[in-house]
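Each chain gets a letter, A, B and so on, in the order the sequences are listed, and its residues count up from 1.
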Amino acid sequence: MDKNYQPAKFENQIYEDWVRNRLFEIDPVRLKKKKKKYFSIILPPPNANADLHLGHAMYVYEDIMIRYHLLLGDQVLWLPGADHAGFETQFVFEKHLKKQGKSRFDFDSETLYRMIWEFVIENKSRMENQLRRLGFALAWSKKKFTLDEDIVKIVYETFKKLFDKGLVYRDEKLINYCVGCGTSFSDLEVVYKEEVTRLYYIRYSFASRKDDYLTVATTRPETLFGDVAVAVNPKDRRYHDLISQEVIIPFVERRVRVIGDDFVDPDFGTGVVKITPAHDFKDFEIGKKHNLPLIRVFDFDGRLNKHTDEFEGLSIFKARKLVVQKLKDRNLIEKIDENYHHRIATCYKCGKILEPLPKEQWFVRVKPLTAKAKKFVEEEKIKIIPRRFKKIVLWWLENFKDWNISRQLVWGIKIPAYQCQLSLKENSNRWFVSLEKPKKCQVCGQCTLIEDTDTFDTWFSSAQWPYATLKTLGLFKYFYPTSVMETGYDILPWWVARMIMLGIFYTDKEPFKVVYLHGLVRDKSGQKMSKSKGNVINPMEMIDKYGADALRGALVFEVGAGSDVFFSEEKVITMRNFCNKIWNIGRFIYLNQVGNLKQQEFNQDVDQILINLENEFRKNRAKYFRFMDGYRFSQAFGLLYSFLWHRLADVYLEQLKKKIISGNIVALEALKKIYLECLLMLHPFLPFVTEVVWKFFHGEKKSILRSRLKIFKKE
RNA sequence: GCGCGCAUAGCUCAGUUGGUAGAGCGCUUCGUUGACAUCGAAGAGGUCUAUGGUUCGAGUCCAUAUGCGCGCACCA
């Protein structure tokens, strides 16, 4: 044994041995003996478009649970997978294209899809290797990908089932559209940014009295071509007499009516609002309520269209400038508030302003789904840890809006929906859903179909991940519902809540019994890690320098449940030192064991020191199991840390040292027994070093995972 | 506006059945004779944000306040 533990010498070999000996795989014979307890976790599938970051390393909590249950002798499954990550991946890929001076418009959709496919496959295998380096006890033979044919089939089945039950519908609504990325989003993808913008006060002349006018306040003068009304609060004395009079929209000279609606805040601006249903969510609602037409004034490429007269073809931003200029020329601008604080909806990925635009999309009707989901959470059929997140999950389930699942992207699962052309001509717009590509129209039986070219929101497929994976693997009846869903609290509404909704919908059962949430990994001053701040720490670099165990330890040690992790290299070093401590206690025992074989000068007196040691160990062991079973992993780990280092090594080993060196075998054996049991308890946290030392004592072929020590029977 | 979280040693943070305050780093002093200097010993350093309440007893439970962080919603 070296003086210090050198992880790089062992880690790869140890992991290969684990895989080769199928220690992470389920045993099909044992599987059917129902005596065993089942324990399963589905790995949140990392996006197959980039390397792992520290957030992924947080899956160490899953490994801790998995290895703990392996040691308990349960029937264990930790299922690996990868997510095609539709929009995210296409976005990353387009950045690659841009570097080469190209864009998505240079390729037809099939070519683009194939190129992204190759890109993803390469990334996927690199990402999987990184999971291995972290030491994760994943059942690799079962790994799944969200684009596997059988998975896609399940996704289609879910969609059809939802469609048949009226829980998915197609409708023209305003959606959040990113002109740069070329796709729509659901409400969850919108990021609001505080900005100081201009508020323009524009005069709309009365149709009856040309020299009199009504002033509206707006941030978006370029949308005035789409105005179909002007609204005031009916209780507002200044204006209520004007309701149902007409004003004239500049440039297009269209007459629109003044309407009264309570939603208008008399104190805002002038108390008069222009109503543009095609480009504003609130206006869209008002438009529906008052039966107003929808006039879209710019297209999905972000350029003004034929409804804008002389402004046609201009980009939104240019059009705004020019419209304002020309309004000024006509003396129709009353004033401009230059310091208007405003929150603007932006694309969470590219940061550009999102446009509300009317578009036909597929929506999931969420109310009926959330009703059941809420019940499961309230009654704790799904238990949420830490508890405080229960309220948050329930809040989301209560407040979800209908979920837009259509994306205008190439990279993704194509939506299996078809439109009857005949119905389109007859203005009835009928769609049907078909698992296989249909030979003929299921509506009229004769027309040439129109295929939906959109793809699903990635979260629509990942929301089905627990049952889709287990169904396709034939493991559904053993492992569903899964035991634990462990993930970051930041994707609660995107993923966890939706898995609960769709899981219950498809299977009538909860997809998992426990949701365990971990926090974000921040740098040591609490800043979010990001490339732009330059504070990103690469987990693989940490492993190269200090070993996988040290990295793992740093993500667990003294971390509050569900709270963010303040990560620093110093903490990794502390954990590296702890691994070394473990190694050296082992080294002391090992060296003296060999030495004592010659000396044989054993001394039978079992003194008070050993009794104290044994008692203290017992107490800690009991606590350990309480912590582990209560999902308090950080505390279990902290307990082992202080017991092993500051009690076993600093106190007891020092007290026994002389006796052991002089050949007291009883003392040596007592120390060794407790040490080995500690290794076992520690193994879920620090799998490599514990396995390496274990093998020094038990031989190359004996894995700690196959140990049958009674300690894990919890006597 | 609604909701959530945090406030403990110089710094970063642990501390869930309420029972004499912990770790890492940093600091002071000392120690390298075969477990480990990726170490050990000794030590300094805390009215656990404030006020009130429940209790024999509160860092821990309740209420209010202050400060900080976060999520969501609205905004013509």
Can you check whether A:Lys571 has a side-chain N or O nearer than 4.0 Å to OP1 or OP2 of B:U12? no
If pairing requires Watson-Crick or G-U wobble contacts with both distances under 3.5 Å, which nucleotide is the partner of B:C68? B:G5
With no angle test and no hydrogens, is the base of B:C4 tied to the side chain of A:Lys391 by a donor-acceptor pair under 3.5 Å? no
A:Leu644 CG to B:C36 P: how many Å, rounded? 17 Å
Taking only the C1' atom of each, what is the distance from B:U38 to B:G45 in whole angstrom? 26 Å
Tell me what A:Arg388 touches on the nucleic acid: a base, only sugar-phosphate, or nothing, going by heavy atoms under 4.0 Å. sugar-phosphate
Between A:Leu648 and A:Leu613 the two heavy atoms that sit nearest each other are CD1-CD1, 3.7 Å
Specify the separation, in whole Å, of atom NZ of A:Lys390 and atom P of B:G71. 25 Å
Rounded C1' spacing from B:G59 to B:U8 in Å: 7 Å
Residue pair A:Asn4 / A:Trp583: nearest heavy atoms and the distance that separates them: C-NE1, 3.5 Å
Whether the side chain of A:Glu654 and the base of B:A35 hold a donor-acceptor pair under 3.5 Å is what I'd like checked. yes
With side chains defined as the heavy atoms from C-beta onward, is the minimum distance between A:Tyr348 and A:Leu354 less than 4.5 Å? no
